[in-house]
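To start, the structure itself, in structure tokens.
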Amino acid sequence: MKSVSILGSTGSIGTQTLDVIRINKDIKVVALAAGTRIKELAEQVREFKPELVCTATEEGAKELAALVPDMQIKIVYGKDGLIEAATVKEAQIVVTAVVGMMGIVPTIEAIKAGKDIALANKETLVTAGHIIMKLAKECGVNIYPVDSEHSAIFQCLNGENKREVRKLLLTASGGPFRGRTVEQLADVTLEDALKHPNWAMGKKITIDSSTMVNKGLEVMEAQWLFDVPVDRVQVVVQPQSIIHSMVEFVDGGIMAQLGSPDMRLPIQYALYYPHRRELNSEPVDFFKLGKITFEEPDMETFKGLKLAYMAARKGGNIPTAYNAANELAVSKFLNRKIKYLDIPESIEYAMDNISYLDNPDVNQILSTEATVYEMIESRW
Ligand code: MG
């Protein structure tokens, strides 16, 4: 029986991971970590009986303890608690589904402890890909992508030779504002931006999908995960979200992975790789679907994507600046403090004004984040 630790268990990926575990019944959950949804966490603790549980705050830990007084569990909290959950002895796989840069250090510690990673935290590779991939190799640890696009590419590369890849074709739905002009984006409201046409996801990633920053982050992740230069990662808009991504090989042959938009498939694939398991997701009905269409991404309107390519080419701490500015700007937009187009503006501003560091270590990555936060706070 496999044992897993889930960081971010009450979020969208976390709950779907538990769903997959519930269906399969042969994975043991040894640790759960969540932020502030303590009641949901308590229910998960009762159902999955982990040994260790982590909350964001001490307050949360006390609240949880009061909800499950009869359970034999260790409750920890905060950054140190998250590291404990990531490195808990029995876990073989750590699902990193926390949102934001707080995912970096626990992921590094999990790799050092020899755990395989089911990677759902984008920030880890975007900001620290140069550290993570090297470390994973040294520690003999596998990194299984959970994001649907990277899982698709991972599936397309099965049994293939990496040197025979010409390019990665990362598909994008284009989000709810596909086809609009910059002028039409100026007055976008929070409610508009939270309506994703195909995928049900957490709020932050839903906003990121609407700005195409999510695709930008995925481009940056893909170059690290699959060791391909960023200019050989091409974004293809495929609005029906049926093709989850593709790989073009040197002979012009293209492999694609298709399926209904259901995150449980990539999650399950990461947990059971190289095996496939039954899954009750909606099958693709090609006759009902009728057609799958393609478009070139509009990088002038959705500047977040263009800036991601620029950040990836510059490298160093620039992807961190990109990510940190976006993280703060999106949280401000979610709190109705800034306008929609201030999100890409913030990113560009941070990329232009941060001092460049080549090959940053973890402390430099975190200090870049802090500097960018100050920068954005004083400007917006
Ligand atoms: Mg994705």
Side-chain angles (χ1 to χ4, degrees), residues 79 82-83 96 98-109 111 119 121-136 204 207-208 211-225 227-233 235 299-300 302-335 337-380:
K79 280 183 191 164
L82 197 58
I83 291 173
T96 60
V98 293
V99 178
M101 288 182 58
M102 68 165 161
I104 300 170
V105 175
T107 306
I108 289 176
E109 293 305 318
I111 294 172
L119 187 80
N121 172 269
K122 294 206 156 83
E123 293 75 9
T124 306
L125 286 186
V126 168
T127 64
H130 57 294
I131 299 168
I132 299 280
M133 296 313 287
K134 193 166 157 255
L135 189 65
K204 198 255 177 188
I207 302 296
D208 286 351
T211 56
M212 290 199 81
V213 164
N214 181 55
K215 208 49 55 181
L217 295 171
E218 290 179 358
V219 166
M220 291 194 259
E221 273 187 286
Q223 61 165 351
W224 291 115
L225 263 176
D227 194 19
V228 163
V230 71
D231 288 304
R232 288 206 277 135
V233 183
V235 174
M299 296 208 218
E300 298 310 315
F302 298 94
K303 208 158 73 177
L305 183 55
K306 186 162 116 182
L307 291 168
Y309 275 97
M310 289 166 66
R313 285 183 203 117
K314 285 183 181 161
N317 62 340
I318 305 301
T320 299
Y322 175 101
N323 179 69
N326 179 62
E327 221 169 277
L328 186 58
V330 170
S331 95
K332 283 179 178 290
F333 180 70
L334 286 171
N335 290 310
K337 297 273 196 287
I338 60 170
K339 298 195 74 170
Y340 188 69
L341 288 176
D342 289 334
I343 299 172
E345 287 307 314
S346 306
I347 297 172
E348 190 166 27
Y349 181 76
M351 283 171 61
D352 287 347
N353 289 285
I354 193 76
S355 36
Y356 183 79
L357 292 170
D358 192 31
N359 201 20
D361 61 23
V362 175
N363 287 331
Q364 289 170 319
I365 289 168
L366 296 176
S367 71
T368 297
E369 180 194 35
T371 308
V372 166
Y373 271 33
E374 282 164 26
M375 222 178 239
I376 305 285
E377 284 295 358
S378 62
R379 170 106 196 236
W380 275 273

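P344 and G304 get closest at one heavy-atom pair: CB-N, 4.4 Å. Closest approach of A321 and T368 over heavy atoms only: N-CG2, 4.2 Å. The minimum heavy-atom distance between A222 and V233, with the atom names listed, is CB-CG1, 4.3 Å. Residues M102 and L82 share a closest heavy-atom pair of O-CD2, 4.0 Å. Shortest non-hydrogen contact noted between I83 and P106 is CG1-CA, 4.2 Å. Between I365 and A128, the closest heavy-atom pair is CD1-CB, 3.7 Å.
The salt bridge (charged side-chain N to carboxylate O under 4.0 Å, His left out) pairs that include a residue from residues 313-322 are D231-R313, where partners are two or more places apart or lie in different chains. Sorted by first then second residue, the salt bridge (charged side-chain N to carboxylate O under 4.0 Å, His left out) pairs that include residues 127-136, not counting sequence neighbours, are K134-E138. A ring pair (Phe, Tyr, Trp, His ring centres under 6.0 Å) check over residues 340-380, counting only residues at least two apart or in different chains, returns the pairs F177-Y340, F333-Y340, Y349-W380. For residues 304-330, no residue pair satisfies the ring pair (Phe, Tyr, Trp, His ring centres under 6.0 Å) rule, not counting sequence neighbours.
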side-chain contact (heavy atoms from CB on, under 4.5 Å) between K79 and V105, intermediate numbers included: CA-CA 9 Å; K79 280 183 191 164; V105 175; over 6 Å; no
Go through the steps for E377 and L328 under the test side-chain contact (heavy atoms from CB on, under 4.5 Å), then give the verdict. CA-CA 9 Å; E377 284 295 358; L328 186 58; 3.9 Å; yes
Go through it in stages, so that I can follow the logic: the residues are N326 and D208, the test is side-chain contact (heavy atoms from CB on, under 4.5 Å), and I'd like the CA-CA distance, side-chain angles, deciding distance and then a yes or no. CA-CA 8 Å; N326 179 62; D208 286 351; 3.0 Å; yes
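With sequence neighbours excluded, the residues that form a salt bridge (Lys or Arg N to Asp or Glu O under 4.0 Å) with E123 are K204. Residues forming a salt bridge (Lys or Arg N to Asp or Glu O under 4.0 Å) with D361 (at least two apart in sequence, or on another chain): none.
With values rounded to the nearest 0.5 angstrom, I338 atom CD1 is found 11.5 Å from R379 atom CZ. Once rounded to the nearest 0.5 Å, the distance linking NZ of K306 with NZ of K303 reads 7.5 Å. Here T320 contributes atom OG1 and Q364 contributes atom CD; the two are 10.5 Å apart, rounded to the nearest 0.5 Å. Here the OG1 atom belonging to T127 is positioned 13.0 Å from the CD1 atom belonging to I318, to the nearest 0.5 angstrom. The structure places CD1 of I104 at 8.0 Å from CD1 of I131, a figure rounded to the nearest 0.5 Å. Rounded to the nearest 0.5 angstrom, T371 OG1 and N317 CG are separated by 9.0 Å.
Within the 3.5 Å criterion, the main-chain N or O of G100 finds a donor-acceptor partner in the side chain of N121. Looking at N335, its side chain does come within 3.5 Å of a backbone N or O of S331 through a donor-acceptor pair. Side-chain N or O atoms of H130 include one that pairs as donor or acceptor with a backbone N or O of P360 at under 3.5 Å.
Residues D342 and K332 have side chains not in contact (no heavy-atom distance under 4.5 Å, counting atoms from C-beta outward). Counting heavy atoms from C-beta outward, L125 and I132 have side chains that approach closer than 4.5 Å. In this structure, I343 and I207 have side chains that are in contact, with non-hydrogen atoms separated by less than 4.5 Å. Between V213 and V330, every side-chain heavy-atom pair lies at or beyond the 4.5 Å cut-off. Within the 4.5 Å cutoff, side-chain heavy atoms of M375 are placed close to those of N353.
Under the 3.5 Å distance criterion, with hydrogens and angles disregarded, a donor-acceptor pair is assigned to the side chains of N214 and K122.
Between L305 and the options M212, E218, E300, a side chain to side chain contact (heavy atoms under 4.5 Å, CB included) holds for only M212.
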